[in-house]
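Everything below concerns the one structure shown next.
First listed ligand is number 1; within each ligand, the first listed atom is number 1. For this chain, numbers begin at 1 and follow the sequence in order.
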Amino acid sequence: TRPAALPNDRRFPADFVWGTATSAYQIEGAVSAEGRGPSIWDSYSHTPNKIRGGGNGDHAVDHFHRYKEDVQLIKALGAKAYRFSISWSRVFPTGVGTPNPQGLDFYNRLIDELLANGIEPFATLYHWDLPQALQDRVGGWASSDTSKAFGDYAAYVAPRITDRVKNIFTINECGTFVDFGYGRGPVELAPGLKLPQPQLNQVRHHVALGHGMAVQAIRANGRADTRVGVAENVASCVPAIETPANIRAAEIATREMNGGYMTVILEGRYTDAFLAYAGKNAPSFTAEELKTISSPVDFVGLNVYMPQYYVVASGDQHGFALVPFPTSFPRMDSDWLRIGPEALYWAPRNVAKVWSVKQIYISENGTSAADRPAGDGKIHDLDRVMYLRNYLTHLQRATSEGVPVGGYFHWSLMDNFEWSDGYDKRFGLYHVDFATQKRTPKLSAEFYRSLIAANALV
Ligand code: PNW
């Protein structure tokens, strides 16, 4: 419980967790080191014409070898936490069967280094880098064998890190990698398939099932104080204008527009509208699977980038209508990244309200920005500073109104391999010279450092 917001209160709660986030394939490199098996991202990024500029993650930003230096970058921000992901194919080179005993060594070194520097590790088990062998053998998430293999991987990892890692995210952004990797997204991600609707819905279901199996495996093999959740790129439903009717419309939209994952994970059922819309393309599933999928979580992670604006609509069956973006609506350096600072208030506020979620983390928020060195050796990414200042103003509104947001992880610590955009889009607080691997703080790193130091908007 927090005191009511004071006028002009710009502070965040005293125990608010400020962090940064990354993922394995986007930063590590060292793709053959210490017994790692190939993932679908190795294959995909080596397929001609898939990645802008032809890059791949073979070396990425060499974090595997530079992790100590990178922990110092986190420390220099004053950040209290760091969200990283574990590469499944380092631990199980073919996804299943015999573990690679060296696979977790790197993460154990990283975890120890973080703790030695006073930074709390938050681990993600799956950030899109499926072991290639699982794709080849059973079609990846098209088969529930992959859901089960994911549970087994979680069961192996949990007892080996939970003495030091207290918070585990199962899967990062089910919606993004399913739609863009197996469906027909505007962006394409590995494995780059375009499945027909029934199979796509089955993939969706198997991913949700994999999450649930991992939750159960972590409960069974972790510790009593291990906390587990998901990190989802929810539809961040914002009332276009803040009237009671539009606010209600955005709440209803939150449940309906997140029917594929959040609703089934938090309620144990698909929405009637999702099933009616899918019709004969609906996934096949059992009541037992829905129970597994909705195994209780300790927190919900929200990856918040762009808003979706809604208004009340009397003609619609649910009473809401999406307001499409006008072509002139402002965006950041990635085509898809429309600017909507209010998303960082409404996404957690609506998720907390609709599903009575008691603990939320903003597991990602950030932006691409074309930050070229200014010539004085500094990188003046005023656009990222502008973005951050505006978004965090709305996060502060959320915490000051008592929305249970416990922390914020900025995406990303440093520039990295931005999936299909290769090295062309930069999301880092630190600039990375990809030729020399030199890291340089941008103006936004300075902004974030002073914000963390004050624990308030400055
Ligand atoms: C997230 N979209 O991906 C991922 O979790 C990160 O790995 C990624 O680097 C980051 O956001 C920036 O892209 C997204 O098109 C990719 O809406 C695409 C979309 C959203 C999130």
Looking at [Y], is its backbone amide N or carbonyl O close enough to the side chain of [X] to form a donor-acceptor pair, meaning the two atoms are under 3.5 Å apart?
X	Y	value
Thr263	Asn258	yes
Asn100	Pro93	no
Thr20	Leu413	no
Asn56	Ser45	no

Atom indices of ligand 1, in the order listed, that fall short of 4.0 Å to a heavy atom of [X]:
X	answer
Phe180	2 (N), 15 (O)
Asn172	5 (O)
His127	4 (C), 5 (O), 6 (C), 7 (O)
Glu418	8 (C), 9 (O), 12 (C), 13 (O)
Gln26	6 (C), 7 (O), 9 (O)
Phe427	12 (C), 13 (O)

Practice item. List the closest protein heavy-atom neighbour of atom 4 (C) of ligand 1: residue, atom name, distance to the nearest 0.1 Å. Key: Glu364 OE1, 3.5 Å
Review point. Got the closest protein heavy atom to atom 14 (C) of ligand 1, with its distance?
Key: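 The answer is Glu173 OE1, 3.6 Å.
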Practice item. Determine, for Tyr156 and Arg160, whether the Lys NZ or Arg CZ falls below 6.0 Å from the six-membered ring centre while staying within 45 degrees of the axis. Key: yes
Check your understanding: Taking the six-membered ring of Phe122, is the NZ or CZ of Arg83 close enough (under 6.0 Å from the centre) and on axis enough (within 45°)?
Key -> no
Exercise for review: Look at Arg426 together with Asp421 and state whether they make a salt bridge at an N to O cut-off of under 4.0 Å.
Suggested key: no
Quick check: does [X] get an N/O under 3.5 Å from an N/O on ligand 1?
X	value
Tyr305	yes
Thr176	no
Trp411	yes

Review point. Out of Phe177, Phe417, Trp336, Tyr25, who gets a non-hydrogen atom closest to atom 2 (N) of ligand 1?
Key: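 Comparing heavy atoms across Phe177, Phe417, Trp336, Tyr25, the nearest one to atom 2 (N) of ligand 1 lies in Trp336.
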Under 4.0 Å, heavy atoms only, figure out whether ligand 1 is touched by the backbone of [X], its side chain, both or neither.
X	result
Lys425	neither
Asn416	neither
Asn233	side chain

Practice item. Classify the side-chain pair Glu342/Tyr391 by whether it contains a donor and acceptor separated by less than 3.5 Å. Key: no
Point to revise | Interatomic distance, Glu28 atom CD to Gln26 atom CD [nearest 0.5 angstrom] | key: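 One finds 10.5 Å between CD of Glu28 and CD of Gln26.
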Point to revise | Evaluation steps, ring-ring contact (aromatic ring centres under 6.0 Å, His included), between Tyr126 and Phe177 | key: CA-CA 11 Å; Tyr126 186 76; Phe177 84 82; 5.3 Å; yes
